[in-house]
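Have a look at the structure below before the remarks.
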Amino acid sequence: MVGLVIVSHSAELARSTAALARAVSESPLPVAHAGGVGEDRVRPGTDATEILAAIEAVMSNDGVLVLMDLGSAILSAETAVELLDPGQASRVRLCPAPLVEGAVAAAVQITAGASLDRAAAEAGTALDAKVEQLSDASTAADAVAPDGQTPPSASDVWQRRRFVLRTRHGLHVRPASRFIQAITNFDAEVRLRNCTTGRGPVNGHSLSRIATLGVLHDHEVEVEATGPDAARALAALEALARADFGEPVLQQETTPGAQAKARGERRAAETSLASGEPGPAGCIGISPGHAVGTAHRLEDRPPVIPTHPAEDPDHEVGRLAKAQELVSREIERQLPALRARAAAEAQIFEAHLLMLNDPDLNDAAIKRIRSSRLSAEQAWWQTVETVADDYRSLQDPYLQRRAADTLDVGRRVMKALGGGAADVAQSIDIPSSGETDAVDSIIVVAEELTPSQVAMLPADRVAGIVMRSGSSSSHSAILARALGYPAVSEYAAIEQIRNGDRIAMDGGSGEVVRDPDDATWNRFSSLRAREVDLQHRAHAAAREPAQTADGRPIEITANVGEPGSAARAVSQGAEGIGVLRTEFLFLDRSTPPDEDEQERKISSIVTAFDGRPVIVRTLDVGGDKELPFVPMQREMNPYLGVRGVRLYVEAAELLQAHFCAILRAARYGNVSIMIPMVTLCEEIPLVRGQLEAAHQSLLDAGVPHAWPVSLGIMIETPSAVFLADELARACDFFSIGSNDLTQYIMAAERGNARLTGVADTFHPAVLRAIAQTRRAAAAAGIPCSVCGEFAGTEEGAAALIGLGITKLSMNGPAIPGIKAFIRSQVCSDLESAAHQALRASNAAEARALFERFRRSARRPGGA
Amino acid sequence: MASQLTHQDVLAWIRALKNIFTESKEYLTELDAAIGDADHGINMARGFSAVFDALQEPPADTGALFKVASMTLIKTVGGAAGPLYGTFFLRAAGPTAGKTELDSAGVVEFVEAGVGGILQRGKAERGDKTMIDAWLPALDAMKARLSDGASVADLMQHAAAAAEDGMRATVPLVARKGRASYLGERSRGHQDPGATSSYLILKAAAEQWS
C-alpha cells in the first residue's frame, strides 16, 4: 500500500491531519506525520530529518506520497528526499495538493488500493470538489427539475441506468472504489449523479468527486456512460449494484432467509416497524416496541467548567489522568454486564475506552494545560469540543456519530474531574425498584440521552425513552434497540411532560400519548406483553438443537471474530464456536499483546461458552492482513504468499506466547486448536512441535494449562483437499473454510463483480472438493465441519447437509434462521439434490437445485 | 597561514559562527521583522549554537564535519534557512569527504557545490532578494581569484567583500521568493536577512582563515 506522510509547520496540525486521514480510511492507512522543530516540536517549523523518518516509516515498494503545508515545509520535504537513499527517493512523490483536502482524498485512494500516481493525482484535484461545491450550491439545486428527472445532458450518445443504493452506508468509500474498479478497464467515460439530492453529475472515475454526491442508503443514482464500451461499463455497474457492491451487509442481515424470517417475526411482534417515520406529532420511532409508564425527566446538566487559571500544571495533568483513569475503570466495570445484554453494541464503549487512552487527545489536552495554563477541566473540555467539532464538520454520518461519543466520554471525565461523585454512573438518578413505592415502570424523558446514559439505565425500571432529539442511527438509538427499550425521538414538547405523567408510547410508529385513557393504556400494555412473549419464544427455539425433519442432528456453531459476538452467539443459539478467529487479539495495535492479555481475552470467550466446544484457530495473518510487529515482505500476490501457518517459523517467538495463552485459556472449557492455511503435510508436525514446546515451557514455569489439546486443520487450499487422506491421519479434525477454498480452487477473488459465476461455492468443482474432504475425514474417523459464509445461507446449508456434513459454523445472527430451516428439511431430499449438484455443469445449475428447498421451506414460529 | 587550509581551520570557522550569530541575533531579527517573521536571528543563533554543541567531539574529516553541521541545522533552525543552509553544508560535504586539508581549489569546490544546493533547493535567482544575492557574487569573486593563483586567505577576503556588496544591493530590490515576497513592493528598502546571514558566514571564514 502507498504510504502517506503529512508535513506541517505545526506538529499538532500534522498529527491531526494524519488522524483525520486515518479516520476516513476504511482499512489501516500507513500514515506518518512530521511537524514543528526542536525537541518538543512546539516551535513552528519543519525538520527534514523528521520528515525523512516519517517517509521511512511508511515506505514500501508502492511508494510514499508526501503532502506538506507551505514555504519551508516544501524545502524541508525536498531536503528529506535528498537525504533518502536514491533507490527509495525515486519512490517518493512530493504532492502540491492542499494539505487537508489532499490528505483525505489520498487516504481514500490509498486504502482503496490506488497506485502512487493515482493517489497523487486524486489529491492534486482534491480542491476541485470543494471549489465546485461552494460555487454551485444553487446550480446543483437548479439541476433538479420539478419532476426530478432532468438528465444532465441531452446528448444521445450517453446511455443511462438508474439504481437505488441498498448498501447500508450508501456509496461509501469501499463501494465507491469498487464502482471505479468495475469501470476502470472499459473504454468509456462514466458520469454519476444522485437523483435523490440532485447533485452531480460528476466524473465516475474519481473517488473524491463521487464522495461529493453524498449518496446515502436508499438514494437513487443515475450512471451515464459514453464511448465504445459504454454499454459494457453500464452492464458491469448494474451487476455490481445488484450484488450490493460486494458490501458485507449488516450482520443481522447475513442470510436473506434469516433476514426474511426475522422480519416476519418482528412484524408479528410489533404493530409497526416504521422506524424513522414521523409519528402523529412529528415524532419518529427510533427503537420499536410499545411501552407504558410514568414519566421521569432526566435533566441535561452541562459540565461545570471552573474558569480560574491552573496554579500548577503538573497537578492539573495529574488530575486529568486520574479522572480519565476513573472513567476507564468504570467503563471496564460496566462492560461485562453490558456485553451480556448487548454484545455487539458493547463495542461502542470499547471505543470509548480507546478514546480515553487516545494519545493524540491526551497530548492535546496536556499541551493546553502546560502552554495556556488552563485547568484540567478547561483544557479537557476544549480538546473534547474541538475533536467533536471536527467530527461534526464531516459529511459522513458514520463519523459525525463519533462527535456524540466524544462528548459523551468527555462529559464523563468532566464529572469525574468535578470530584465528589466517584461513580459517574450516579448521574442517572432513577431510583431502583427497591427504593421506591412506585409501581409503574418509568418512561425516561430527556433532551437527548448519551450512549452511556442509555447503557446505564436501570433495566428493571425503565420501560421506554422519549427524547427531543437524536437520530435513529445514533449510538444511543442503536443501544436502545439492542437493550430492548422502545424509544421515540423528535418529541418537541418534552417540557410539557412532568414527572409522574402517565405515558403510553410506540417506538415503532413514534406515537406518544400523554395521559392516555384506560383503554389506550391497556392496549399498549398488552401489545408490550405480547412482544416480550414472542421474543422469549423465538430465543428459546434458537437454543434448541436442530435436526432435520427425518431426524439427522446437525450441530450448529458460531464463527466468532471478537469477544462481543461470542457472548451474543450463545443467546443466538450457538452450540459452540466452530472457528474463533484470534486475529482480533493482534490487529489495530503497534505492539503484540503479551501472553497474559491473550489468555485473558481468549478465556473470557471460552468461559462464555460454558463447556461447549470452542475451536480456536491460531493466528491467521498475511494475505490482506498485516501486523506492524511481524516483519512481512511485500509480496506480489499476498494471498499466495506467507500467510497463516506459513508465517509460524519466521514469527516463532510471537507464536510461542500465542500458543501458551491458548493452552492456559483452554483449562476454562472445551477447547481445540485449529491451524489455518495448511497446504503441506509437514505443517501439522511443525505446529504440534511448537505446541509441545509451549506446553513444556508452561510446565517448567508451573503455569496451569490444559494438555493435551486436540489439534485440527482448516481445509482451504486445493493441496489440502488432494492430501486430505494423509492429513486426516495426522490430525484430530477438519474444518472446511468455504470462502478461501472457493477462492483458491476457482482462482477467483470474491467480491469481484466481473467474476460472478466463477467465485461461487456452488460450483461443482468446489462441491466435489468438499465431498472429497468429507470422505477422507470419514475414512479416518475424524469430524469434518464447514465454517465459511456458505454454511450460513439456507441453500448453502442445504447443499452441505446433502453432501453429508453434520457440523456447520456460521455468524451468530444467522443461527436462529438456519436452525428453523434445518428443522423443515428432509435429509434424503437434500442428499439426492447434492448427488445431482456434483454433476451439474455450472454453479448456477447447482444452486438452482437447492434454491427450490429454500423457496419451499416452511418456517414455523413465524407467526 | 599556510597555503593549505586544515581541518582545524574549518572547525574553528564553524565554531566561531556560534558567537557571531549570537551577537548578531538582534540585528538579524530586526532585519527580518521588517520583511519576514522576525525569527531569522533567533533561528540562526539557535542553529549554530546547536552545531557548536554537536561538534564537542569533532569528526575526523571536513566532509563529516559539514555533514554534522548540515543535519544539525536541518533539525534545529526551523524556517527556510534550515533546509537551505542544511543543503549548503550537505552538498559541501561531498567534495570534502575524507579530506583533512584543502587548497584554494578545494575551497572553491565546496562553496560551489554548496551554493548549487541552495540554488536548487530555493529555486531563487540572482536579484530575487535572497541569500543567493550574497553567495553568487562571492562565488564569482572566488573563482576569479582562483585563476590568479590566490591563497585561501585572499580568496575569502574577496568573497566576503563581494558578499557584502551583494547584501547591500538587496536593499532596493523587491522580494520574489519566500515570505518577504508576500509584501511585494513594500519589501523594497530593506536589506535581506538571508543575504546578511550568508555574508556573516563568509566574513567569519575570511577572519578565521586570514
Side-chain angles (χ1 to χ4, degrees), chain A residues 5-15 32-57 66-86 88-90 92-96 98-99 367 371, chain B residues 32 35-40 42-47 49-50 53-54 66-94 113-114 116-124 130-132 175 177-183 193-194:
Chain A
V5 169
I6 309 292
V7 180
S8 167
H9 278 62
S10 149
E12 208 164 329
L13 180 57
R15 191 182 308 128
H33 56 87
V37 281
E39 293 219 332
D40 47 6
R41 307 265 169 225
V42 289
R43 277 189 291 116
T46 48
D47 169 355
T49 63
E50 196 196 8
I51 301 170
L52 174 69
I55 292 172
E56 284 171 342
V66 183
L67 295 173
M68 66 228 82
D69 57 12
L70 67 171
S72 64
I74 305 165
L75 304 187
S76 288
E78 288 175 330
T79 307
V81 175
E82 181 165 347
L83 296 171
L84 264 179
D85 79 57
Q88 296 198 325
S90 65
V92 176
R93 185 77 49 85
L94 303 183
C95 178
L99 189 66
K367 199 169 268 178
S371 59
Chain B
D32 197 29
I35 57 171
D37 40 13
D39 62 0
H40 191 55
I42 301 158
N43 286 344
M44 294 300 283
R46 188 192 309 110
S49 294
D53 294 341
F66 283 161
K67 211 154 208 173
V68 170
S70 162
M71 298 313 282
T72 310
L73 291 171
I74 284 171
K75 275 195 199 116
T76 55
V77 171
L84 289 171
Y85 284 126
T87 303
F88 175 89
F89 285 110
L90 188 67
R91 296 287 177 88
I118 296 178
L119 283 170
Q120 193 194 335
R121 183 70 63 239
K123 310 214 162 53
T130 69
M131 59 173 74
I132 280 302
K177 282 279 165 192
R179 194 181 154 116
S181 64
Y182 298 168
L183 295 176

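A, B, ... follow the sequence lines: proteins, then strands. Residue 1 opens every chain. Just so it is clear, the structure is predicted and the values come from calculations on it, not from any experiment.
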The interface call for Leu73(B) against chain A, heavy-atom contacts under 4.5 Å, is neither

Using only distance, no hydrogens or angles, which N or O donor-acceptor pairs sit under 3.5 Å between chain A and chain B?
from, atom 1, to, atom 2, distance (Å)
Glu78(A), OE2, Lys123(B), NZ, 3.1
Thr79(A), OG1, Arg121(B), NE, 2.9
Glu82(A), OE1, Arg91(B), NH2, 3.1
Glu82(A), OE1, Arg121(B), NH2, 2.2
Glu82(A), OE2, Arg91(B), NE, 2.5
Glu82(A), OE2, Arg91(B), NH2, 3.2

Nearest heavy-atom contact between Leu75(A) and Gly122(B) is CD2-CA, 4.4 Å

If one checks every heavy atom of Ile74(A) against chain B at 4.5 Å, the contacting part turns out to be neither

The ring-ring contact (aromatic ring centres under 6.0 Å, His included) partners of Phe66(B) (sequence neighbours excluded) come to Phe89(B), Phe110(B)

